[in-house]
Amino acid sequence: MSEDRVTLNAVGSATELDLVPGTIGDTGIDINRLRSATGKVTLDFGFANTAGCKSKITYVNGEEGILRYRGYPIEQLAEHSTFLEVAYLLFHGDLPTGDELARFQSEITHHTLLNEEMKKFFDAFPKSAHPMAILSSATSALATFYPALQNPVDPYAVEQSALRLIAKMPTVAAMAYKKSIGLPYVYPRNDLNYSTNFLNMMFSLPVEDTEVDPVIARALDVLLILHADHEQNCSTSTVRLVGSSRANLFASVSAGISALWGPLHGGANQQVLEMLAQIHEDGHDYKKAIARAKDKDDPFRLWGFGHRVYKSFDPRATILRNFTHDVLDRLGADDPLLEIAVQLEDVAMSDDYFIERDLYPNVDFYSGITFRALGFPVRMFTVLFAIGRLPGWIAQWKEMVEDPDTRIGRPRQIYQGEVLRDYLPVTDR
Ligand code: SDX
């Protein structure tokens, strides 16, 4: 093996393959010529060993528990930045100047309204509709109001689509929530910042003046920062794959929302709260949950535990574990589920089953308790994850579209079905 190539010896043939180094982290073996050179393909369930792209957006080191957006450590961004500043950073690649940030915030603020026609869209859903179903449908539907912004290779159209999605997602989310509880929609306000505006649309009523607690608004902003991007996770890979067919940004993000909804991915934050509530109801019998999680015949998992990449602590979970205590203290609230979560973590972290499999708490383990402390109902938790992840999806989609190496995503397969059969008339079967 030379510095920049490896030799693959496959059934009598030696093939030289280029190495593709990162500025930090994994080095790739370029297998673009593999099938033509060896007649073989690779097989990699869940793409656990396969890079689908080169990226400059987010770096995750699972062994050391590192997460950086455009090189900035998540710990520093959570402490010093705001969600819209992080959204700007992910999209443009650098932190904005004061003027750039002010302009970006103003553009977002002035795009928060939905076309009034969209109200009929919400009327079509039953009150019981899960807000993630509404969010993914509404996101795709939004494209119909911006026919001039559909061209994925027009930088102006992409930037304008990004602004509208980031601006309108909280409005859609709040309307979905109000619809589910039969209360009137609350319009966005231009005098409120992003997170305060969202909380006002979610929880205020037209019949009284209410002030959003700045502690809650800041806590929500930090939560959104922590969810903003995470390199090539399931929903981001979905956004990239759908976008690789030149589908527009709205359609690609709509697909990402659907992927995030799954309980193994973003839907885990709702599962965690339901699991903790069940343990609470069972008289704090968290040992039963641990036993079920270890039982191969039981589909139950210890929700909020384990990660494809983090084989040590998820830095977001570390931040959230302390942050949740602070938020509850500052709100003068306490939540028995937090105590159960801490106990569950302690027991799991001393259990060989979890230790041997490198299963640690992930971002979803504590986020739900914080969302609940801020007043959000459980069914809105994954919607909050989607609002947070939106700038990451957009930045990753834009990077994919702009990458000259991008091709339409079309994996191969290993066929193991019937080789060849002749059709038999039904009378002969
Ligand atoms: C997110 O990729 C990302 O970056 C995602 C994310 C992001 O920001 O975008 O970080 C957000 O999705 C976090 C993950 C939220 N999901 C959950 O909390 C659901 C519970 N966790 C798992 O289902 C699981 O850990 C995954 C899905 C997160 C990871 O799945 P993998 O990498 O495919 O691992 P696996 O399912 O093959 O598990 C390996 C072993 C298995 O046991 P063995 O067959 O080796 O005996 O660990 C076991 C699993 O059964 N295992 C668990 C477990 N997670 C894994 N056992 C019990 N409880 C769990 N939570």
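Read the numbers this way: they start at 1 and go in the same order the structure lists the ligands and their atoms. This one's a predicted model, so the numbers in the text were calculated from it and none came from an experiment. Sequential numbering from 1 along the given sequence is applied to the chain's residues.
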Nearest heavy atom to atom 23 (O) of ligand 1, choosing from E231, H230, R301, belongs to R301
- Do we get K179 above F125's six-membered ring, with its NZ or CZ under 6.0 Å from the centre and within 45° of the axis? no
The answer for which part of N362 has a heavy atom under 4.0 Å from ligand 1 is side chain
>> Below 3.5 Å, N or O to N or O, backbone or side chain included: is there any such pair between G304 and ligand 1?
In response: yes
Margin query: Would you say D229 and T58 are linked by a side-chain donor-acceptor pair, where the criterion is simply a distance under 3.5 Å?
Written below: yes
Exercise. Is the shortest distance from a heavy atom of G46 to ligand 1 less than 4.0 Å?
Worked result: no
Heavy-atom nearest pair, Q150 first then A143, reads NE2-O, 3.1 Å
Check: W303 N/O within less than 3.5 Å of ligand 1 N/O:
no
Quick note on ligand 1: atoms under 4.0 Å from a heavy atom of Y353 include exactly 48 (C), 50 (O), 52 (C), 56 (N), 57 (C)
L264-ligand 1 polar pair, N/O distance under 3.5 Å: yes
Atom 46 (O) of ligand 1: of K311, H307, K296, the nearest heavy atom sits on K296
Subject >> Distance-only polar pair, side chains of Y360 and D358, donor-acceptor under 3.5 Å >> reply: no
request  = With R389 as the cation and F385 as the aromatic partner, state whether NZ or CZ is under 6.0 Å from the six-membered ring centre and within 45° of the axis.
outcome  = no
Restricting to heavy atoms, the pick from H265, M275, R308 nearest atom 12 (O) of ligand 1 would be H265
query = Can you tell me if H80 and E75 form a side-chain donor-acceptor pair at under 3.5 Å?
reply = no
Note: ligand 1 atoms sitting under 4.0 Å from heavy atoms of N233 are 2 (O), 3 (C), 4 (O), 5 (C), 9 (O)
Atom 52 (C) of ligand 1: of L359, D358, D314, D364, the nearest heavy atom sits on L359
Under 4.0 Å between heavy atoms, the region of R389 that gets near ligand 1 turns out to be side chain
